[in-house]
Every structure is written in structure tokens, then in C-alpha cells.
Amino acid sequence: MTDHAPNEARVIPLRPPARQEPPRPDTAGPAAREPLWRDLVGDVLRRERLAQERTLKDVADAARISMPYLSEVERGRKEASSEVLAAAARALGLSLGDLLSLAQGELIRLTSRHGRTGGRDAAPSSYDGLCLAA
């Protein structure tokens, strides 16, 4: 049979253990985590709302979305649909393009400050646009 004690559980790993890759010489210190898109968009919405000195309730009512949901979006806890983002942007006097452009600018600012954090070694693209895919 087996050489295990009768009441001892045997663990069979489903995956082989992850290999630790040696640190790349071109990166100093721990790798910075890239920001999530929902965090960036939420930060922009909150910053714009506060700059206009408006309450969460006021903007949520104008956008016709619930106040708790808008709060979750602002905190980056919900991945809002494009319709919700457009409604929130309109309530703040922005277009959806304005909102996404501001979020893109924030992404560029954050990632350029910490250096390139992507895994590709390819040269940076000369395209200065934004592409979202669902």
C-alpha cells in the first residue's frame, strides 16, 4: 500500500511550485505594482467632484446612479460600465472622453515616475492614444 500513517493526510499539489525568477538588473528594489484602471478613474471622479465642491449625493442624483455605487466607483472597488462612467462624467460637466483622458494622464504620470513596470522589453510605442477593450 503506502508508507503513510493511516490518519495522515497526503497533499498532492495541482500545480508545480512557482519558480522564483532572479531579479532583473535594470530594476532597482521591489517591482512597483501598476495601478488598476478602476482606481485611476475613481480617483479622477473624486478629484473632479471635490474640486467642484459637490457632495457625493449631488453627483449621484445628477448621474441617476445610487450614492453607494458611486462611492464604490470612486474608491476603485467597482468596475463601472461605460454607461455609468459617462453618466458620472456628464454629472460633473465632463465628457466620457475627458474622464478617460484625465485617467490616462494619471496612468502615465504614475508609471513614468516609477519607471517602466510592464513585462515587455520592446521599445515604447509612439502612439499617444488610449485603447480600451472589453
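Please read these numbers as outputs of a predicted model, since none were measured by experiment.
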Starting from the C-alpha separation in whole Å, work towards a yes-or-no answer on salt bridge (Lys or Arg N to Asp or Glu O under 4.0 Å) for R47 and D43.
CA-CA 6 Å; R47 191 170 45 244; D43 288 344; 5.8 Å; no
Could you go step by step and tell me if R46 and R75 meet the side-chain contact (heavy atoms from CB on, under 4.5 Å) rule?
CA-CA 8 Å; R46 175 168 280 162; R75 290 184 287 151; 3.7 Å; yes
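Here the closest heavy-atom approach between residue V73 and residue A80 is recorded as CG2-CB, 3.8 Å. Taking all atoms of both residues into account, the shortest heavy-atom contact from T111 to P35 is CG2-CD, 4.2 Å. The two residues Q104 and W37 have their closest heavy-atom pair at N-CH2, 3.9 Å. Heavy atoms only, all atoms of each residue included: A60 and L70 are closest at N-CD2, 3.7 Å. Counting all heavy atoms, side chain and backbone alike, L45 lies closest to A88 at CD2-CB, 4.0 Å. Closest heavy-atom contact between S95 and A89: O-CB, 3.7 Å.
Within the 3.5 Å criterion, the main-chain N or O of A91 finds a donor-acceptor partner in the side chain of R54. Looking at Q52, its side chain does come within 3.5 Å of a backbone N or O of L92 through a donor-acceptor pair.
Between the CG atom in D39 and the CZ atom in R77 there is a gap of 10.0 Å [rounded to 0.5 Å]. Atom-to-atom distance recorded for L107:CG and S112:OG is 9.0 Å, nearest 0.5 angstrom. Distance check, rounded to the nearest 0.5 Å: CD of E72 to CE of M67 gives 11.5 Å. Note that CD of E48 and CG of L99 are 8.5 Å apart. Values are rounded to the nearest 0.5 Å.
Donor-acceptor pairing under 3.5 Å is lacking for the side chains of D98 and S101.
In this structure, R49 pairs ionically with E74, as a charged nitrogen and a carboxylate oxygen lie closer than 4.0 Å.
Looking only at side-chain heavy atoms (C-beta outward), K57 and D61 come within less than 4.5 Å of each other.
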